[in-house]
Amino acid sequence: MRATGGSVRAELWGRLAASDPGLLRLTAGLRTVTSIALTLAVLAVLRADVTHLVAGAITAMVATFAIREKQRAQQAVTLALGLPTALASMSLGALLNSRVVIGDLFFVALIFCAVYGRRFGDRGTALGLIGFQIYFVSLFVHATVPALPGLYLAITVAFGCAALARFALVRQTPAGILDALRGAFRARFAQLVAAQAELLDAGPDELDKVVEEVRVRTARLHETALLIQGRLTDGTSDEAVARLVQRRIADAEIAAERLGLLLLTARGERRADTLTLHLPGAHLPSPAPAPAGDESLERLRLDLEALRLLVLRPAGPRSGTALAQLRNRLLGYREEENLPDASSAVQDVFRGVGETARAVLGLRIAMDGPQDESDDTPATSRSREELDAEDAAIEGAEAEEPTGLRRPTTRAAVQVAVGSSLAIVGGEFLSAQRWYWAVLTCWIVFINTASTGEILVKGYRRLLGTVLGVVAGIGLAGLVGHHTWTAFGLVLLFVFAMFYSAPLSYTLMSFFVTAMLGLLYALLNTYSLDVLVLRIEETALGAVCGVIAAAVVLPVHTDRRTDELLVATLDRLADVTRASADQLSGAPPADLVEKARDLDQALADLAAAVQPLTHPITPLRSRRDTARYVVALLETCAYHARSLAATAELLPTHSAIAADPRLRGAGERIVHNIEAIAAHVAEREPAPGIETGPSIAAMLKPGTLGAPRYGRVTDRVLRHLQRLDEAVAGLARPLEVPVRSRAG
């Protein structure tokens with residue numbers, strides 16, 4: 001029973017780690033709640049009144065979430081600088097409280113400086129956020145000059161408790177975060193393999209649902225891989241280790257995605273298109289029923305479960321010999337003689353299992369260090385030798401930055417200053433006491449947005465969350481009444497929920513914020529139905545002012561923003577394809593992993609920017625479908641480009657792959673087409689059309705690139721080139737790029 005209980009706990013913990021990569025949301029919520037609870041406890045001991053409790057609680061929250069730097073020493077410096085910034089902001093808020101015009105002008109100037117400060121990195125962003133939010137607190141609690149000593153005390157206590165929570169009670173080091181993200185990657189990897197195994201037995205009525213689950217888990221694995229890449233430099237001992245882990249993460253992701261495609265092909269009557277894993281609703285291969293009593297399929301089910309266990313189980317002495325035996329068996333499928341007697345498609349799946357097991361082995365070595373080799377079979381030893389050779393081969397032009405009003409931080413600062421001015425004027429008409437809610441909303445909709453469409457969607461989500469939060473706040477404020485500590489207990493609960501849900505749903509986060517504010521109003525004896533309705537009106541006004549400012553002042557239209565990011569993504573795709581094809585043709589080694597990472601980041605930025613175009617409320621249905629299709633095609637291109645890059649990096653050490661100069665010609669056509677599409681989108685002159693002609697498979701016959709020891713590696717190179725060529729050509733139709741045929 002103990003083993004069962006332990007495995008259940010491990011399974012639950014694995015699910016939590018997979019749903020919250022690195023437990024970053026959980027840690028952020030716990031740290032903020034701890035900071036607020038400590039502040040309230042200290043202020044209660046000092047017999048502070050409710051106003052100071054509220055000011056201290058909000059300050060503790062701001063002092064905790066504003067710090068975004070990764071190194072603890074940098075966090076300490078920013079927190080230390082934040083205290084005098086907060087005290088100065090509170091002082092100015094109290095001094096200017098009765099001077100309406102001067103106070104409003106200063107508030108607009110403060111907002112401009114806070115947004116402009118983002119150009120100075122995480123520290124500038126944090127100090128600007130602290131200055132703005134504490135000024136907002138001064139308005140919220142109606143700070144006056146006589147009340148400043150007590151407010152100074154509350155702010156100082158809040159910063160001290162925030163430091164205690166961050167550096168002692170809820171500690172989080174860069175290395176610890178990276179380690180947690182590694183665990184999340186394993187958990188999501190295992191979940192993806194489990195979902196892929198369900199493809200074997202899914203009936204015609206279930207296949208769509210199972211494929212959708214595979215698609216979602218593939219996307220989540222990629223999301224975690226990007227998170228790890230962002231933490232590698234700060235969380236590893238040196239650059240060489242960071243590069244090694246980055247390479248192994250990329251290998252594992254590619255192998256897992258390829259395994260899913262091979263399983264789909266084995267279930268269908270034709271080869272599965274990579275687009276199936278990237279576009280919801282994509283056409284699926286016609287499912288073929290699994291033959292009853294097929295021994296190879298039964299063996300495959302067992303091997304997929306073994307692969308899942310291999311991904312999840314920790315390496316080390318406690319893992320025993322059983323795990324080593326599973327690993328050896330799966331790695332054996334990289335040898336042709338170990339493949340079962342089955343159809344070609346099913347044999348391909350076994351090869352995919354072997355390659356995925358090799359990626360898992362490389363991941364273990366990179367993350368956990370050298371492994372026990374006493375139980376290795378010859379196949380496992382060869383895989384280790386290949387990995388060691390690749391590791392030894394890993395060797396440990398900046399774009400012109402916009403200036404003036406073209407600089408994103410400057411443009412955003414001007415926009416939010418204009419929007420806030422409009423919000424102040426309009427807010428004063430609605431309420432001379434609580435006009436600042438409109439300004440707060442205007443400020444927030446500009447955070448982490450870069451186009452008018454993004455601001456519109458964010459404003460809509462904030463308004464929806466506010467309306468729902470007001471309904472909840474009315475009920476909770478009535479129930480809690482003047483029970484101070486019960487209300488603060490609920491505030492802590494809502495703060496945790498706010499931070500935990502923030503990356504998942506902006507609407508949900510806005511709901512918890514508004515419900516929490518309803519409780520704070522009740523504590524300050526300013527609660528009423530009119531106040532909460534006013535909150536909705538001010539929020540709507542602030543969102544409208546933000547959209548107006550974004551649309552009129554130095555606008556960055558969503559179409560222009562997405563076109564710029566689309567061109568950047570195509571440029572990165574061309575870089576990876578060109579470098580991979582050159583290296584496969586015999587050129588000197590290049591840093592392909594870094595180029596692939598740049599491509600992934602550019603594609604992630606594009607996917608975020610097109611959300612206004614793909615949002616359910618958009619009335620332009622055809623444009624929404626086009627945007628989704630283009631992004632899905634680019635994800636397909638990125639998958640094949642990453643696969644080519646990974647294969648090209650094996651070239652110096654893998655005897656199964658030989659350089660062939662003819663591949664450069666195949667790559668040139670693909671790169672030309674990518675650059676032609678980028679030129680068309682960017683409206684460069686002249687913009688050539690894309691070229692079509694004989695398929696790459698026909699230009700370069702399989703089996704002529706050398707004599708592969710492991711069978712189909714060279715065929716796989718051609719297949720990736722062919723699929724990449726087809727996907728790039730597929731971009732021409734939705735983007736309206738001219739197509740011209742070239743014979744030969």
Nearest-0.5 Å distance that lies between atom [atom1] in [X] and atom [atom2] in [Y]:
{"X": "Gln601", "Y": "Asp598", "atom1": "CD", "atom2": "CG", "answer": "8.5 Å"}
{"X": "Met498", "Y": "Phe65", "atom1": "CE", "atom2": "CZ", "answer": "7.0 Å"}
{"X": "His142", "Y": "Asn97", "atom1": "NE2", "atom2": "CG", "answer": "8.0 Å"}
{"X": "Leu492", "Y": "Met516", "atom1": "CG", "atom2": "CE", "answer": "10.5 Å"}
{"X": "Leu221", "Y": "Arg186", "atom1": "CG", "atom2": "CZ", "answer": "13.0 Å"}
{"X": "Leu463", "Y": "Thr507", "atom1": "CG", "atom2": "OG1", "answer": "9.5 Å"}

Restricting to non-hydrogen atoms, name the atom on [X] and the atom on [Y] that form the minimum distance, rounded to 0.1 Å.
{"X": "Leu110", "Y": "Ser89", "value": "CD2-OG, 4.3 Å"}
{"X": "Gly103", "Y": "Leu96", "value": "CA-CB, 3.9 Å"}
{"X": "Val631", "Y": "Ala607", "value": "CG1-CB, 4.4 Å"}
{"X": "Leu151", "Y": "Ala143", "value": "CD1-CB, 3.6 Å"}
{"X": "Ala225", "Y": "Phe185", "value": "CB-CE1, 4.0 Å"}
{"X": "Val145", "Y": "Pro149", "value": "O-CD, 4.0 Å"}

Are side-chain heavy atoms of [X] and [Y] found at a separation under 4.5 Å?
{"X": "His52", "Y": "Asp49", "value": "yes"}
{"X": "Ile58", "Y": "Leu520", "value": "yes"}
{"X": "Trp485", "Y": "Leu53", "value": "yes"}
{"X": "Glu538", "Y": "Thr441", "value": "no"}
{"X": "Val491", "Y": "Ile36", "value": "no"}
{"X": "Phe512", "Y": "Leu508", "value": "yes"}
{"X": "Cys545", "Y": "Leu541", "value": "yes"}

For [X] and [Y], indicate whether the former's side chain and the latter's backbone hold a donor-acceptor pair under 3.5 Å.
{"X": "Ser431", "Y": "Gly427", "value": "no"}
{"X": "Thr569", "Y": "Leu565", "value": "yes"}
{"X": "Ser420", "Y": "Val439", "value": "no"}
{"X": "Arg166", "Y": "Thr64", "value": "yes"}
{"X": "Ser138", "Y": "Tyr135", "value": "yes"}

Single hit among Leu40, Thr34, Thr39 for side chain to side chain contact (heavy atoms under 4.5 Å, CB included) with Cys161:
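That would be Thr39; it is the only one of Leu40, Thr34, Thr39 passing the side chain to side chain contact (heavy atoms under 4.5 Å, CB included) with Cys161.
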Taking CZ in Arg72 as the centre, count heavy atoms belonging to other residues, nucleotides or ligands within less than 6.0 Å. Is the count above 12?
yes
Once the angle between the rings of Phe136 and Phe140 is folded into 0 to 90°, is it parallel (under 30°), tilted (30 to 60°) or perpendicular (over 60°)?
parallel
Can you check side chain to side chain donor-acceptor pair (under 3.5 Å) on Gln172 and Arg31, steps first, answer last?
CA-CA 10 Å; Gln172 199 174 38; Arg31 183 189 294 122; 3.0 Å; yes
List the steps and the verdict of side-chain contact (heavy atoms from CB on, under 4.5 Å) for Tyr152 and Ser91.
CA-CA 9 Å; Tyr152 286 163; Ser91 302; 2.4 Å; yes
Start with the C-alpha distance between Glu428 and Asp104, add both sets of side-chain angles, then the distance that settles side-chain contact (heavy atoms from CB on, under 4.5 Å), and finish with yes or no.
CA-CA 10 Å; Glu428 290 277 9; Asp104 290 352; 3.5 Å; yes
Pairing residues for Glu223 by the salt bridge (Lys or Arg N to Asp or Glu O under 4.0 Å) criterion, not counting sequence neighbours
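Checked Glu223 against salt bridge (Lys or Arg N to Asp or Glu O under 4.0 Å); matches are Arg188.
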What do the steps show when you test His222 against Asp600 for side-chain contact (heavy atoms from CB on, under 4.5 Å), and what is the final call?
CA-CA 9 Å; His222 184 61; Asp600 285 341; 3.6 Å; yes
Going through the checks in order, is the side-chain contact (heavy atoms from CB on, under 4.5 Å) test met by Ile130 and Thr59?
CA-CA 8 Å; Ile130 290 171; Thr59 301; over 6 Å; no
Using residues 122-129 as the side-chain source, report each donor-acceptor pair under 3.5 Å to any protein atom, sequence neighbours left out, with the distance given to one decimal.
{"unit_1": "Arg123", "atom_1": "NE", "unit_2": "Glu69", "atom_2": "OE2", "d": "3.4"}
{"unit_1": "Arg123", "atom_1": "NE", "unit_2": "Thr78", "atom_2": "OG1", "d": "2.9"}
{"unit_1": "Arg123", "atom_1": "NH2", "unit_2": "Gln74", "atom_2": "O", "d": "3.2"}
{"unit_1": "Thr125", "atom_1": "OG1", "unit_2": "Gly121", "atom_2": "O", "d": "3.0"}

Against Phe496, only a single residue in Tyr500, Phe499, Phe494 fulfils ring-ring contact (aromatic ring centres under 6.0 Å, His included); can you say which?
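It is Tyr500; the other options fail the test.
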